[in-house]
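Reading through the structure tokens given below for one structure.
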Amino acid sequence: MSSHSIKRRRLSHSSHHAVPGAQIAEKNGPPMNLHSKSPHENMPMKATQNSEMPAVSSKRQGTDNVTAEFALASGVYKSSFFKLQMDELLSELRPNYDRHVAKLQDTLHQLKSIIEQIPEKQPQSAWEAEKELRSTHGITVPFPEPRPGRETKYPFAYVKPTNVNVVGSLSLQTGAKSSNPLTVDLAVTMPSAIFQEKDYINHRFFQKRAYYIATIAAGIKAAAGLDLHVKFALQDGDSLRPVIILEPITSTKSGNMSSKLRIRVITAIEESLFPVSRTIPTRNNIRQGPADSFISEGATPVYNASLRSEATVALYHKYIYSNIRRCESFKDACILGRAWLQQRGFGSSYRSGGLGGFEWTALMSLLLDGGGPNGKPVLLKSYSSYQLFKATLQFLAGRDLTNPLALFTADLSFPGGSPVLYDGKRGLNILYKMTLWSYAFLRREADVTVRMLNESRDDNFDKVFILKANEPLLRFDRLIELPALASASSLQDLQSQNMIYEVLVRALGDRAGLVHLRGCATEPWPVDSRHNFKTASGHLTVGLVLDAENATRVVDHGPAAEHKDEAVSFRSFWGEKAELRRFKDGSIRESLVWLDSATAPSIINQILSYILKRHFNYTDFDIKIVGDEFDETLRKNGDGVVSYSSPPFQKIHDAFNSLQRSVQDMDGVPLTTRHLAPADPLLRYTALRLQSAPNVLCGPVDIVLQFESSARWPDDLVAIQMTKLAFLVKIGDYLQSSGAAHLCKIGLEDVSSRILNNAFLDITHTSNVLFRLRIHHDREQMLLERHLKDKGSHPSMRQELAYALSEYKRQFVQAPRLTQAIRTLCTRFPLLSPTIRLVKHWFSQHLLTEQIREETVELLVVRVFTQPYPWDTPSSIMTGFMRTLQLLARWDWQQEALMVDFGALDKTTVEAIQTRFSAWRKIDPAMNTLSLFVASDLDPDGVTWTQYEKPSKVVAARMCTLAKASMAMLRDHGYGFDTKELFRTSLAPYDFIIKLRPKLLHEITTSATTFKLADRREKLQASGHAVVQSFVHDLRACYSPNILFFHSDGNPGVVAGLWNPQALRAKGWTLKMAYSTSLTKLEDAEANDQVVINRPAILNEISRLGSLMIDSIELQGTDKNLA
Amino acid sequence: MKKDLEVAGYAVLPLQLPKTSSAKAATHYMYLRAHEPRIPDEDTPRSMFIVNVPIDTTETHLRHLFGTQLSAGRVERVHFESVPTKKNQAALPQANVGGSKAKKRKRVTADELESQLEDIELPAVWDRPLQKSGAHAVVVFVDQPSMEASLKAARKAARKAVSGSSSSKKIVWGEGLDEDRVPALGLERYLFHSQARYPSRGELLRTVNDFMTVFEQVAESRKREAARKAQEPDEDGFVTVTSGPKLADATHEDEARELIEKQKKKQEGLEDFYRFQSREKRKERQHELLRKFDEDKRKLADLKRRKGKFAPE
């Protein structure tokens, strides 16, 4: 024993400086010291709430107006609205320090005195020390691996701490509220006396530290009257540094501490205990150890930094404090940074990326002093909080720190392989916990955010701070779950994760833009047991962001055969999968060929399972990959077509081109063709179904023909329709006689009104694609508008005109325009087409198709692709689909217009759309004709696809509810959820279900002979689907708006009905009731003119209308009583 | 003493809807009373106004109901709500070719021609129109006694139905009606439609030709009227002088728009000529900023109201 004490070298105490105000004084707690001088200062939040001035103008604490003007003029904030929102956010996120401090004060003082009164312990061997703690206090020392053995020579002792301080975000007031409890760090500075000179090597320091922590835990546990749970946890997930977590016992209502708080006891050492030179990143400090443990050959930067960070606790506290004094908006910028990091899943622990609130604060502090070109500071103290925040992000996005940046020091080299921002003054790489993948991820996020902040059109506030951006299914294109690598050492974990990362990055190459790994968290554990790493059933999760262009490549080209070394390395990496091939250009290369067929898993999945098996012996059973299910669902329900370049789409496309040529040089028609425009989902790659029967392409495909303008058209709406009809006859004659079409016939539509487009031409093209041609005549619009301006006309007439005008715009202007735009986008974003189709499938499964136009759905998805913030453009069906659902779930459609960018949506358009939206809501506040408002730069009107109850507000609400439910499911089940659940709909919410005869679609052709009119059989053949459509159309015409009918192609045998609750209420009888009624009381009729909708009679009518087409009408809910 | 079954002055006639393969029997209520339009015509005394006809009602059904089932009166014709009457149609825009002024001056022949134009319709695509649920209809009987007797019979039937004493004599909708007299519903209806919406080429051409011929006649006669009008002195003895062929209104509008555009372009670049102009501009900008800021504040308050807190999700 005594020999140890002789060896012990006393390190001087003089280097210790008290952190201003951070030391616990006898009366005032540490944080109180900082701000107890005046009550005004004590309430920083309230005082500055309305005067969050840009730093320069701090003297001009005038009115809000002045602030805003100034802000706008100087560009200190993004926009005044952004600033207003930011102020709200800040006041919401700032913890109420006074309250917390008041609650904590006593507890902290108690703790401090407890810790200071723990009896000192004489040096003893590790074995004895551990045994003593276990037997007398029931505490298991949380030694890091490798645990000290019996033969360990160095002594373990406990001496009263040099000091006990509150450090960190609470005392500095840089913290932000979050869902996690607010943590108060209590730093216990271990006296240098218990350490030896060489303790920095081979985990010796950390073992002594663990003993020290355990002794404190024993002391706290033994002390009475604290009402706190005492647990061990890992600091930042670092197994070298266990800490004590004190949480209030929630069952007892202790007045001292709320459950939202917890205290963390961490350790610190004096700065000069170990020289900085011992812990610079290039040193190797792990030189020996048990055979199975981690021994490093080269440098041990993480170990060194972990050690060094113990010595810098007080240093950083002081440093940050000085910056808070120096820079007025520093604290707010810290809060913004924390909020931003938290929404992206970043935190201080290794697992969550190694960049948390503390690192952010330290980073900003450093950038105030340097980091720019020629060592100039990146941030200025006069910056506003927003500028500090943005400039920090810009620094992260712009400066690649894997090329190390060392501040305040020179001639320091760094081992490669991780980002470095070395603080020479304090001797620590503040990014030491960041891995390559978390750093890549951080830079990507920073880059996206900087782009968002630079965008002038939207303020994007919501997406920067409010939206939770780290939902894995929304963010990653593929998720891989691997069994956890059971290890007790975070250093070892890091190393094995690194191996997986390197293999995956090499295997995926340019197919993946980002590979991200996330280990499992270690939960706090009770002080009386060893932490059992083995039983913790964690997983390693890998998230991939794919490259949409490259992810589906079938053949990978490796090195050419003549490059021997590369070829060998390629072969050893890929094993038997690598094969030598000769390519068309004559080169002979190593290559990989993957299976590309509808039945095989996606190529990404093939690569993953192959390479993980090859290098890490994972079996298919171990690997769980999420993402392919969505492609599979689409393939199953979309006629086997996933890509927009599939043959069926091409075939329709080719047919259209051929028809276009025929129409261009048409003769026998008095006018020349100007333009034949596509106007159909089938021609813009967005139709879910492509075939109505095997090998029969879907149709009709809408196309719009416009002639060169001519003065010979009549100036009358009805006559125009008749003229169109005459033209259609001519066109049909020509196409049929020239052989461009098998068959042309003219069909009638909307004959109830003479001013709507009445006729179309169905063209069965020689390629068997059925086109439906309508003639666009641009004078119609002007005539309709002129008649509408005529104030004298009858209201019903005006309604008809308005409807005709909207139909005209939809059919002839917007549909071709949208088709053109989406076609272009589909080729630009290869995943747009499949995503739209899958979303359509979702709508169809939930019986919403007939209520919501396809185009609305398409616009929703386009928005997800062209305005993907806070993410990048989706590069898998999964992300595209899930983000569309998320968009729906978050869309407050009653108050917000949806604006879709087709490439030219600028600020003025946005404002114009906003004005129009407000006008619509003012005209129709009850949203009777218009619920959703979907505008784009192509269609600033915003009502083209949604007017006239497409959908009604009930359906719109249901759509959003369904999307919300899906997102909730996602949150609850994580990625372990079943994709099928998303597409399964329940018929329970409907009042009645009309079940059509299941064989209706097949029977028509066979039984048609029994009908007298079945003389032309070929005309009746394809009409099974049309019959159901007409039936539902009839139902709607008769009963709208008192019954809502739901029906979709995905579920053709079912028509679901919902009574309008308005009609179910008893009302006084009036002539204007547009539904069948019955008296509530027959007996006493004259005293009672209350009537309700006559449900049995209506169901009877429906049944008569459908007659034998209906199999049964099932009543549900309250309607069951009717049966 | 049973009272009449009546609501808001309408007699209530319960109709039994027979059981079908997928729905049980139900009672439908039709409301009837003598027709009292705001502007009565010669047919009004013998007309009955009925509300809430079943959706599958046809004229045949109503003839059968009043003639056979109630055996009270013969129906001459029925005006359904869904079919616009001639009087309403006069307001349709196709009459507006010459503008509202021309309407007053037009000769009878032009009117006649125009109504002829309205009669030319595209081939029907349905064999049996449906009525909207709760729709009304006007039934015109052969004479007034028929109408009154029918109303009385309906009241009587209603009384009986309510009292329940003679439940066997309930009036069943469409009972005894020969099935061949009305086109069938169900699959046959839709199969007919899927065929009828593609009329033959000849039929369509005939319609178009008829229409265009009459349309040209209308245009011709209007032109003549206008020409003659131009010759005739008006009440004060003046003759309005017009020169040359009138451009169509639409072309006029285009030209006017172009002119305005041109004017605007001319004025461009002259805004900052005087100092007061730029001063005013600056002032305006400042106002604009203030206004925007107020707007932003309102927006924020609105957002807060809707979303509650400003907290990250």
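Since the structure is predicted, the reported quantities are computational estimates derived from the model, not experimental observations. Order of the sequence lines fixes the chain letters, A, B, ..., with proteins taken first and strands second; residue numbering starts at 1 for each chain.
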_Does any part of the side chain of B:Phe215, heavy atoms only, come nearer than 4.5 Å to the side chain of A:Asp716, both counted from C-beta?_
yes
*Return yes if a side-chain donor-acceptor contact under 3.5 Å exists between B:Tyr29 and A:Ser1076, otherwise no.*
no
*Do you know the tightest heavy-atom contact between A:Asn1100 and B:Pro18?*
ND2-O, 2.9 Å
*Pick from B:Leu122, B:Val125, B:Asn209: which one has the most heavy-atom pairs with chain A under 4.5 Å?*
B:Leu122
*Contact class of B:Ala25 relative to chain A, heavy atoms under 4.5 angstrom*: backbone
_Max heavy-atom pair count under 4.5 Å with chain B, selected residue of A:Val751, A:Asp1111, A:Asn758, A:Asp762_ = A:Asp762
*With a 4.5 angstrom heavy-atom cut-off, which part of A:Phe1031 approaches chain B: side chain, backbone, both or neither?*
both
_Please classify the contact of B:Leu303 with chain A as side chain, backbone, both or neither, using a heavy-atom distance under 4.5 Å._
side chain
*Measure distances from B:Arg197 to the heavy atoms of chain A and classify the residue's part below 4.5 Å as side chain, backbone, both or neither.*
both
*Please flag which part of B:His193 lies under 4.5 Å from any non-hydrogen atom of chain A: side chain, backbone, both or neither.*
side chain
*Least distance between heavy atoms, B:Ala23 atom then A:Ser1103 atom*: CB-CB, 3.6 Å
*Looking at A:Ser1112, A:Ser1078, A:Ala759, A:Ala176, which has the largest count of heavy-atom pairs under 4.5 Å with chain B?*
A:Ser1078
*Output the distance between atom OG (A:Ser752) and atom CH2 (B:Trp126), rounded to the nearest 0.5 Å.*
11.5 Å
*Might you point out which heavy atoms bring B:Ser21 and A:Ser1107 nearest each other, and give the distance in Å?*
OG-O, 4.2 Å
*Below 4.5 Å from any heavy atom of chain B, which atoms of A:Ala719 appear? Answer side chain, backbone, both or neither.*
both
_Contacting moiety of A:Leu728, where chain B heavy atoms sit under 4.5 Å_ = neither
*Out of B:Ile120, B:Leu300, B:Leu15, which one racks up the most heavy-atom pairs below 4.5 Å with chain A?*
B:Leu300
*Just give me the residue among B:Thr27, B:Leu185, B:Thr207, B:Asp302 that pairs up with chain A most often, heavy atom to heavy atom, under 4.5 Å.*
B:Leu185
*asked:* As an exercise: rank A:Glu749, A:Arg890, A:Lys995 by heavy-atom pairs under 4.5 Å with chain B and give me the winner.
replied: A:Arg890
_CD1 on A:Ile1102 to OG on B:Ser133, rounded to 0.5 Å_ = 9.0 Å
*Heavy atoms only, distances under 4.5 angstrom: which of A:Ile1110, A:Asn1042, A:Leu1105 has the most pairs with chain B? Name it, please.*
A:Leu1105
*Is there side-chain contact between B:Lys24 and A:Leu1099, with heavy atoms separated by less than 4.5 Å?*
no
_If I compare all heavy atoms of A:Leu725 with all of B:Leu204, which pair ends up nearest, and what's the gap?_
CD2-CD2, 3.9 Å
*Do B:Tyr190 and A:Asp1034 have side-chain N/O donor and acceptor atoms under 3.5 Å apart?*
yes
*Between A:Lys83 and B:Asp296, is there a salt bridge with N-O shorter than 4.0 Å?*
no
*Quick one: of A:Thr1077, A:Asn1094, A:Ile1113, who has the most non-hydrogen atom pairs under 4.5 Å with chain B?*
A:Thr1077
_Side chain to side chain, A:Leu84 and B:Lys297, heavy atoms closer than 4.5 Å_ = yes
*asked:* Please classify the contact between B:Leu130 and chain A as side chain, backbone, both or neither, with a heavy-atom cut-off of under 4.5 Å.
replied: side chain
_Contact class of A:Gln85 relative to chain B, heavy atoms under 4.5 angstrom_ = both
*A:Asp733 versus B:Arg201: any side-chain heavy-atom pair under 4.5 Å?*
yes
_Verdict with supporting geometry, B:Asn52 and A:Tyr1075, side-chain contact (heavy atoms from CB on, under 4.5 Å)_ = CA-CA 7 Å; B:Asn52 194 17; A:Tyr1075 51 86; over 6 Å; no
_Measuring only between side-chain heavy atoms, which start at C-beta, is A:Val1027 closer than 4.5 Å to B:Leu187?_
yes
*Is the closest side-chain heavy-atom distance between A:Leu1071 and B:Tyr31 below 4.5 Å?*
no
*Side chain, backbone, both or neither: which part of B:Leu205 has a non-hydrogen atom closer than 4.5 Å to chain A?*
side chain
*Measure distances from B:Pro129 to the heavy atoms of chain A and classify the residue's part below 4.5 Å as side chain, backbone, both or neither.*
neither
*asked:* Determine whether a donor-acceptor pair (N or O, by modelled atom type, separation under 3.5 Å) exists between the side chain of B:Lys292 and the backbone of A:Ser80.
replied: no
*Pick one of side chain, backbone, both or neither for A:Phe461, based on which atoms fall under 4.5 Å of a heavy atom in chain B.*
side chain
*Could you check B:Phe293 against A:Phe81 for side-chain contact (heavy atoms from CB on, under 4.5 Å), going step by step and ending with a plain yes or no?*
CA-CA 8 Å; B:Phe293 184 68; A:Phe81 188 52; over 6 Å; no
*Would you call B:Arg306 and A:Glu896 a salt bridge, taking side-chain N to carboxylate O under 4.0 Å as the test?*
yes
*asked:* Shorter than 4.5 Å, heavy atoms on both sides: which option in A:Gln721, A:Met722, A:Lys468 has the most such pairs with chain B?
replied: A:Met722
*Does the side chain of B:Val51 come within less than 4.5 Å of A:Met1073's, by heavy atoms?*
no
*Yes or no on side-chain contact (heavy atoms from CB on, under 4.5 Å) for B:Tyr198 and A:Leu748, after CA distance, side-chain angles and deciding distance?*
CA-CA 6 Å; B:Tyr198 294 103; A:Leu748 300 178; over 6 Å; no
_Is B:Glu216 in contact with chain A via its backbone, its side chain, both, or neither, using a 4.5 Å heavy-atom distance?_
neither
*For each of B:Gly186, B:Ala135, B:Ala26, B:Ala219, tally heavy-atom pairs with chain A at distances under 4.5 Å, and name the one with the top tally.*
B:Gly186
_Counting neighbours of NZ on A:Lys730 that are heavy atoms of other residues, nucleotides or ligands and sit closer than 6.0 Å, is the number greater than 12?_
no
*If you draw a 6.0 Å radius around NE2 in A:His1033, do more than 12 non-hydrogen atoms from other residues or ligands fall strictly inside?*
no
_Could you measure the distance from the OG atom of B:Ser22 to the CZ atom of A:Arg1104? Nearest 0.5 Å is fine._
11.0 Å
